[in-house]
Amino acid sequence: MRFTRLVPSGGRWPSLACCLLLVATGCGDEGSTLDDDAGDEDLGADAHLDADAELDEGGDEALDAGADAGETDDAPADADEADDDDAGADDAPADDDAEPEADGAACDPAVCDDRNACNGEEVCTIDDRCVAGRPLDEGTPCTTELGATGVCLAELCRPLACGNGFVDPDEECDDGNTVAGDGCETDCAFSCHAADECRETPDNPCTTDTCDVAPGGRRCGRADNADACDDADECTAGDACSGGLCLGAAIDADADGWGPGAACGGDCDEANGDIHPGAAEACNATDDDCDTALDELFSCVFGLTEPCILTGATGTCGGTRSCNASCDWTSCTVTIAEICNSADDDCDGTIDDGFPCTPGQTGACTAGACAGTQTCSSGCAWGSCVVTTAETCNGVDDDCDATTDEGFSCPLGATEACTTACSTVGSRSCLAGCSWGACCATSETCENACDDDCDTLVDDGCPGTVPCTSDAPCTGSGRVCNENWGICAVTSCTGRPDFTPCELLTTPDRSYDICVAGACVSPGCGDATCNAPGPDRTLADTGLRNCYNATGGTSCPGTPGSAACSTTAFCGQDAQYGWDVTHAASERFTRSEPVAGQPVVADTVTGLQWQGCPLGRTGSTCAGTVSRVDWANALSQCDSLSWGGRTDWRLPDEYELQSLVRYDVTLGPMIDTTAFPGTPADFFWTSSAYAGTATDAWFVYFSTGITSYLARSSTYVVRCVRGAASPVARFVRSEPVAGFAVVADAATGLVWQGCAAGLAGSACTGTASTPSWQAALDYCQDSTWAGFTDWYLPNLSELRSIVDNRRTSPSADPIAFPATPANNFWSSSSRAADPVWAWVVTFSGGWLRDDDKTFTGRDRVRCVRRGP
């Protein structure tokens with residue numbers, strides 16, 4: 001067998017099919033089968049290659065020697081013995097490098113392999129021929145004969161390096177050379193990637209730099225442009241690019257022969273040909289000669305201002321002055337406004353100019369037909385004209401103040417309604433000397449043991465009031481005997497004033513029967529219409545002898561009733577008015593024991609007599625266990641009580657029991673404990689039913705001083721009282737000044753504003769005021785309601801005296817006090833235990849409570865004054 005080494009010319013192998021054809025021409029009848037990329041093709045029916053033998057594309061495997069096993073005994077022994085013409089040997093490519101093997105020599109794989117992996121792996125065929133393998137793909141990794149790492153290029157293993165014409169993994173380009181500047185640099189990277197890398201340093205604005213595509217890479221390009229530019233020469237204008245250069249033309253915009261800036265001639269205003277170096281300076285706040293100075297030939301720069309000082313009548317003032325059109329300074333102008341302060345604020349030589357007068361200045365004036373003087377106030381306004389003519393009692397307005405006989409008790413000849421000493425309605429006149437005459441009724445009221453008509457005769461023309469122990473002495477007068485009281489009482493209350501003693505049989509029958517609203521009732525009957533309608537006698541004071549501000553105690557401020565009181569904080573409060581101001585607390589009560597162990601306390605102010613101990617306790621110290629009973633038992637126990645030698649005891653009404661509370665006490669029972677020892681700080685029953693419900697009655701709480709109501713089934717403490725009722729027609733409403741009503745109370749001697757503060761007119765219309773406690777005090781002190789100036793804020797006892805406990809919402813007499821808001825009303829009394837609070841009376845139901853003195857928006861005001 002003869003072996004021939006085939007090497008392709010030009011370093012390239014013919015196709016595998018061609019190579020197989022060459023092999024096939026040297027074979028016998030039985031062909032061989034070789035596996036190529038297209039799959040196996042059968043080259044002979046009897047001859048084949050072992051199915052496991054294949055020609056590896058990478059040249060790494062030899063043809064499987066097992067192919068010999070597929071040869072038959074009939075295979076030709078030597079390929080050269082075949083017919084060359086038949087085999088087509090003349091058409092097979094010749095290999096200059098092929099070395100014929102010696103006849104009969106076997107193919108040597110070591111000799112057949114040319115040790116170049118890139119051109120494929122050479123193998124010995126079954127007929128002992130050396131055939132080339134399949135070349136590896138371009139770029140396939142390989143190892144050079146020197147052992148370096150490389151890649152296959154043109155079927156040779158070439159080392160990795162820039163300039164090998166193949167882009168290695170770590171290269172961006174490779175144009176097969178290492179020439180710089182041709183688009184692929186010596187390090188096999190693009191010469192540029194973006195135009196910014198091609199920009200000149202410094203950049204020439206007149207060229208356009210680009211990064212262009214070049215054969216095998218990218219490289220910089222540059223071209224001239226015609227863009228606008230700045231040649232950095234301030235003396236040129238119209239700069240533009242030309243031939244890659246920035247060029248401009250010299251400038252002188254105003255054609256005055258001077259270019260702009262020092263380098264161009266020094267012209268400081270190219271818009272004005274009159275301004276340039278050497279020009280004449282004018283007064284115009286302009287640098288005409290371009291020497292950086294303005295108006296330097298004048299006193300000042302036109303339009304400039306600066307501070308200055310001006311001396312006035314009472315001192316100096318800061319002002320400003322300005323440079324006028326002649327470049328001269330104007331006079332100093334003061335910008336401070338004149339205010340009312342007795343000073344020349346604007347330094348114009350006149351004090352308080354622009355105001356009517358200077359504080360304290362006096363001047364002559366007239367009031368009507370009267371001459372007087374007026375004084376300038378602190379606000380630079382003329383005060384009222386004060387007439388110097390003195391007022392005399394003559395019924396004439398001597399001092400022209402629209403008020404007659406002021407300073408006297410009354411205007412001469414005036415008349416007014418009043419309440420007689422007999423507590424009946426009367427009238428009185430202002431007599432010579434301007435003092436009120438006696439209050440007399442036009443007719444006598446019978447059975448009141450009083451001279452109503454001032455004729456010195458008591459009950460003249462009436463049957464006498466007869467003491468009685470049975471009805472017999474009373475029969476002739478048409479009355480009946482109230483044996484418990486020992487007097488003849490009327491049988492009908494028609495036309496009778498409230499509190500007139502009457503006789504009424506009830507179940508259970510009470511001894512204390514009085515006239516109320518024309519009907520005979522027994523207080524405690526269970527219905528509010530039976531309540532005693534307010535106090536029927538002189539009011540007791542509250543016991544508050546200390547003054548308070550909004551947070552605590554303070555010395556009593558100002559003089560109540562004076563003109564300055566309304567502007568003095570917290571002036572006009574409880575401790576500055578009333579019985580407590582002129583009497584010691586020890587003068588109020590007298591304690592005695594007419595029967596041993598049964599003390600009685602007489603009240604010198606109200607005339608009432610009190611059980612000296614609460615029920616259940618006795619003796620001079622009131623020892624024992626206090627009784628607590630429900631309301632019905634409280635009424636019956638007092639009605640049947642025999643104490644201190646008397647049997648005419650009764651359960652006190654709420655006004656009577658509240659008169660015992662001492663509102664100056666801050667700890668313990670709020671009562672005079674010397675006069676009333678053994679008094680618990682507890683709830684005490686009154687005879688008054690609450691008008692708002694059918695199951696509640698009024699109480700007084702001697703722990704806090706409040707007066708309110710609770711269920712009649714509750715069990716509270718009891719203290720009984722005695723004292724005959726005092727008939728009285730309480731309220732008389734009148735309008736001394738149209739629209740400003742007053743209400744005189746014959747029982748207490750007080751006179752009330754007929755409307756709440758903020759309301760006025762006969763029907764009291766408007767919006768009620770809701771000030772703070774201090775503002776309420778000030779309002780009453782400053783009030784001139786109905787021509788009177790002696791109003792003050794009432795204390796809590798005075799304010800509760802006009803509560804009508806037979807009504808709710810509001811709890812006030814609708815005839816005497818129309819349109820009364822059903823809200824809280826301020827009293828002048830502080831809560832001594834916590835002076836940030838003041839006592840208020842709630843006219844929705846009539847109870848007593850407290851409120852924060854600083855609150856506004858919810859507490860109303862009604863002022864009071866002492867009656868004649």
Side-chain angles (χ1 to χ4, degrees), residues 403 406 410 416-419 534-535 539 560-563 565-566 571-574 576-578 729-804 807 810-829 838-844 846 856 858-868:
T403 304
E406 68 272 19
C410 55
E416 69 174 13
C418 59
T419 301
L539 291 175
S562 68
C565 186
S566 64
C571 180
Q573 58 182 283
D574 186 341
Q576 296 178 290
Y577 286 95
R730 288 190 66 190
F731 298 125
V732 177
R733 184 178 177 90
S734 62
E735 284 192 30
V737 175
F740 296 91
V742 297
V743 179
D745 186 349
T748 63
L750 297 174
V751 177
W752 294 87
Q753 281 184 327
C755 299
L759 309 181
S762 299
C764 296
T765 56
T767 302
S769 302
T770 54
S772 66
W773 186 64
Q774 179 182 341
L777 291 169
D778 294 343
Y779 167 78
C780 289
Q781 288 293 321
D782 196 41
S783 179
T784 57
W785 185 275
F788 299 105
T789 59
D790 54 349
W791 299 100
Y792 64 93
L793 190 65
N795 67 36
L796 64 91
S797 294
E798 292 169 334
L799 187 56
R800 278 216 80 245
S801 74
I802 61 171
V803 168
D804 188 340
R807 296 179 171 88
S811 299
D813 186 321
I815 304 301
F817 300 102
T820 296
N823 299 101
N824 297 343
F825 277 71
W826 285 119
S827 80
S828 65
S829 306
W839 290 102
V840 296
V841 174
T842 302
F843 276 80
S844 61
T856 60
R858 67 185 183 193
D859 299 313
R860 276 65 174 176
V861 179
R862 190 189 300 274
C863 306
V864 72
R865 57 183 291 268
R866 304 287 179 178

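Looking at every heavy atom in both residues, Cys565 comes nearest to Pro560 through SG-CA, 3.8 Å. Taking every heavy atom of both residues into account, Val841 and Gly846 meet most closely at CG1-O, 4.2 Å. Here the closest heavy-atom approach between residue Thr856 and residue Ser772 is recorded as CG2-N, 3.5 Å. Closest non-hydrogen pair, Ser828 versus Leu777, comes out as CB-CD2, 4.1 Å.
Listed by chain and number, the residues in a side chain to side chain donor-acceptor pair (under 3.5 Å) with Asp745 are Arg730, Thr748 (sequence neighbours excluded). Residues satisfying the side chain to side chain donor-acceptor pair (under 3.5 Å) criterion with Ser801, sequence neighbours excluded, are absent altogether. Residues passing the salt bridge (charged side-chain N to carboxylate O under 4.0 Å, His left out) test with Asp782, sequence neighbours excluded: none. Take Asp778 and apply the salt bridge (charged side-chain N to carboxylate O under 4.0 Å, His left out) test, not counting sequence neighbours, and it matches no residue. For Ala776, the side chain to side chain contact (heavy atoms under 4.5 Å, CB included) partners two or more places apart in sequence, or in a different chain, are Pro771, Leu793, Trp826, Val861. Residues passing the side chain to side chain contact (heavy atoms under 4.5 Å, CB included) test with Thr789 are Thr784, sequence neighbours excluded. When the side chain to side chain donor-acceptor pair (under 3.5 Å) test is applied to Asn823, no partner is found at least two apart in sequence or on another chain. Residues that satisfy the salt bridge (charged side-chain N to carboxylate O under 4.0 Å, His left out) test with Arg733, not counting sequence neighbours, are absent from this structure. Remark: Tyr779 pairs with no residue by the ring-ring contact (aromatic ring centres under 6.0 Å, His included) rule, at least two apart or across chains. Scored by the side chain to side chain donor-acceptor pair (under 3.5 Å) test, Gln774 finds no partners at all (sequence neighbours excluded).
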TODO: Applying side chain to side chain contact (heavy atoms under 4.5 Å, CB included), run through Val840 and Phe825 and close with a yes or a no.
DONE: CA-CA 5 Å; Val840 296; Phe825 277 71; over 6 Å; no
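Between Trp839 atom CH2 and Ser797 atom OG the span is 11.0 Å, to the nearest 0.5 Å.
For the residue pair Thr842 and Asn824, a side-chain donor N or O sits within less than 3.5 Å of a side-chain acceptor on the partner.
You'll find the side chain of Leu799 reaches within 4.5 Å of the side chain of Phe843, heavy atoms only. Looking at Trp791 and Gln781, their side chains never come closer than 4.5 Å, going by heavy atoms from C-beta outward.
Here the side chain of Arg800 pairs no donor or acceptor atom with the backbone of Glu798 at under 3.5 angstrom. Under a 3.5 Å cut-off, the side chain of Trp773 and the backbone N or O of Ser827 do form a donor-acceptor pair.
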May I have the list of side-chain donor-acceptor pairs in residues 750-763 shorter than 3.5 Å, sequence neighbours left out?
residue : atom : partner : partner atom : Å
Gln753  : OE1  : Cys863  : N            : 3.1
Gln753  : NE2  : Ser783  : OG           : 3.4
Ser762  : OG   : Glu735  : OE2          : 2.5

Return all side-chain donor-acceptor pairs below 3.5 angstrom for residues 812-822, not counting sequence neighbours, or 'none' if the list is empty.
residue : atom : partner : partner atom : Å
Asp813  : OD1  : Ile815  : N            : 2.9
Asp813  : OD1  : Ala816  : N            : 3.2
Thr820  : OG1  : Phe817  : O            : 2.8
Thr820  : OG1  : Arg862  : NH2          : 2.9

